[in-house]
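Numbering of ligands and ligand atoms starts at 1, following listing order. Since the model is a prediction, treat every value here as computed from it, not as a measurement.
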Amino acid sequence: MTQTAPSPAHPVQQRYADPATEIPAQWNPVLEVLHAHKSVRRYLSDPVSPETIRLLVSSYVGFVDAALAAQNAVVAAESLGLGTVYIGALRNDPEAVAAELNLPDHVFAVFGLVVGHPDPAEGTKVKPRLPQTAVLHHETYDLSAQREPVAEYEQRIGEIYTDQGLPFSWTERTLARLASAASLNGRHRLRESLAARGFQLR
Ligand SMILES: Cc1cc2nc3c(=O)[nH]c(=O)nc-3n(C[C@H](O)[C@H](O)[C@H](O)COP(=O)(O)O)c2cc1C
């Protein structure tokens, strides 16, 4: 699927507004779209088809720029056959991470992102997501509509957990992660850690 891009005004150079920017050795249509992204703030009144909305909504992955940038990096990396994993565990000990990365004040590592060539021996599988009926709401938030699809998801993911020898259900695992300060693995100090980095939170 990859192809070499020959153009003089390459999308990467346009993206960074710099003709000296190095053109990647590999290129494909996904990277083309990612590099062409621009916020659109004026729209026609023509409705977007429900099918297209489903596609757009399924790609909403975060609300902060770091998450958006990282997710685009994930799509770009995976389009090139690379593997990725987010590392939220960086927030377990932000001071140590800041020291390791030599971060100046007012800079905080939100998460890490590992990028590399997947080891075929690992045999990772696609992990099912909560169904759209559980997470997609129209106009108003509908808690009751979530119950059934979440219960079905619990059943589906439970089979995968059983295959993997994991003892707890998805709900139990999710709750356990937030149960106590100890289960937050250091993240209960997040406000303190941010203050130490120079973020004056109120
Ligand atoms: C913000 C964030 C932080 C994460 N932190 C970690 C982490 O510290 N360690 C890890 O192994 N996976 C981490 N993950 C990966 C999730 O466990 C993974 O995305 C989730 O289980 C879904 O699996 P999938 O990405 O294979 O579909 C993180 C994911 C996100 C979005």
Side-chain angles (χ1 to χ4, degrees), residues 1 28 30-31 33-34 37 54-103 106-137 146 149-194 196-197 199 201:
M1 162 135 160
N28 63 35
V30 175
L31 297 179
V33 170
L34 285 174
H37 167 81
R54 270 196 288 279
L55 282 173
L56 287 174
V57 172
S58 69
S59 67
Y60 283 0
V61 291
F63 297 99
V64 295
D65 286 352
L68 292 169
Q71 186 60 23
N72 280 335
V74 164
V75 175
E78 291 184 353
S79 78
L80 295 169
L82 296 166
T84 62
V85 66
Y86 287 94
I87 302 296
L90 247 62
R91 291 191 304 275
N92 295 359
D93 193 348
E95 288 86 354
V97 170
E100 182 70 23
L101 302 180
N102 199 21
L103 298 182
H106 305 107
V107 177
F108 185 81
V110 182
F111 47 74
L113 182 62
V114 180
V115 179
H117 296 282
D119 179 348
E122 177 69 8
T124 53
K125 290 196 178 133
V126 170
K127 191 170 180 184
R129 296 288 186 258
L130 281 163
Q132 293 270 304
T133 42
V135 295
L136 175 60
H137 304 266
Q146 296 181 353
V150 167
E152 284 165 18
Y153 178 75
E154 182 77 276
Q155 176 71 29
R156 217 171 306 136
I157 195 105
E159 288 161 16
I160 291 172
Y161 284 162
T162 306
D163 277 358
Q164 294 174 346
L166 298 170
F168 303 113
S169 76
W170 173 74
T171 304
E172 284 166 342
R173 289 172 69 79
T174 306
L175 291 176
R177 250 185 253 136
L178 306 168
S180 65
S183 64
L184 287 171
N185 293 313
R187 294 181 211 187
H188 62 289
R189 293 184 51 256
L190 197 55
R191 175 184 279 265
E192 206 179 299
S193 307
L194 282 163
R197 306 289 322 125
F199 293 89
L201 304 176

**Working for side chain to side chain contact (heavy atoms under 4.5 Å, CB included), residues Leu82 and His117** = CA-CA 5 Å; Leu82 296 166; His117 296 282; 3.3 Å; yes

**Item:** Side-chain donor-acceptor pair present, Gln71, Tyr86, cut-off under 3.5 Å
**Value:** yes

**Message:** Suppose I only count heavy atoms of Val85 and a 4.0 Å limit; which atoms of ligand 1 are within that range?
**Reply:** 12 (N), 15 (C)

**Request:** Taking the six-membered ring for Trp and the full ring for Phe, Tyr or His, determine whether the centres of Trp170 and Tyr153 are under 6.0 Å apart.
**Result:** yes

**Prompt:** Crowded around Glu100 CD? As in, over 12 foreign heavy atoms under 6.0 Å?
**Reply:** no

**Item:** Residue and atom name of the nearest protein heavy atom (relative to atom 7 (C) of ligand 1), distance in Å to one decimal
**Value:** Tyr86 O, 3.4 Å

**Request:** Identify, for atom 3 (C) of ligand 1, the protein heavy atom at the shortest distance, and state residue, atom and that distance.
**Result:** Gly88 N, 3.4 Å

**Prompt:** Please state which protein non-hydrogen atom is closest to atom 17 (O) of ligand 1 and give its distance, to 0.1 Å?
**Reply:** Lys127 NZ, 4.9 Å

**Prompt:** For the side chain of Gln146 and the backbone of Val135, is there at least one donor-acceptor N/O pair under 3.5 Å apart?
**Reply:** no

**Request:** Give a yes or no on whether a salt bridge exists between Glu95 and Arg189, defined as a side-chain N under 4.0 angstrom from a carboxylate O.
**Result:** yes

**Request:** Give the residue, atom name and distance (to 0.1 Å) of the protein heavy atom nearest atom 22 (C) of ligand 1.
**Result:** Arg129 NH1, 3.5 Å

**Asked** Would a 4.0 Å cut-off, counted as strictly less than, catch a protein heavy atom around atom 19 (O) of ligand 1?
**Response** no

**Request:** Using a 4.0 Å heavy-atom cut-off, say whether Leu90 meets ligand 1 through its side chain, its backbone, both or neither.
**Result:** neither

**Request:** Taking only heavy atoms of Ala89 into account, list the atoms of ligand 1 that are under 4.0 Å away from them.
**Result:** 8 (O)

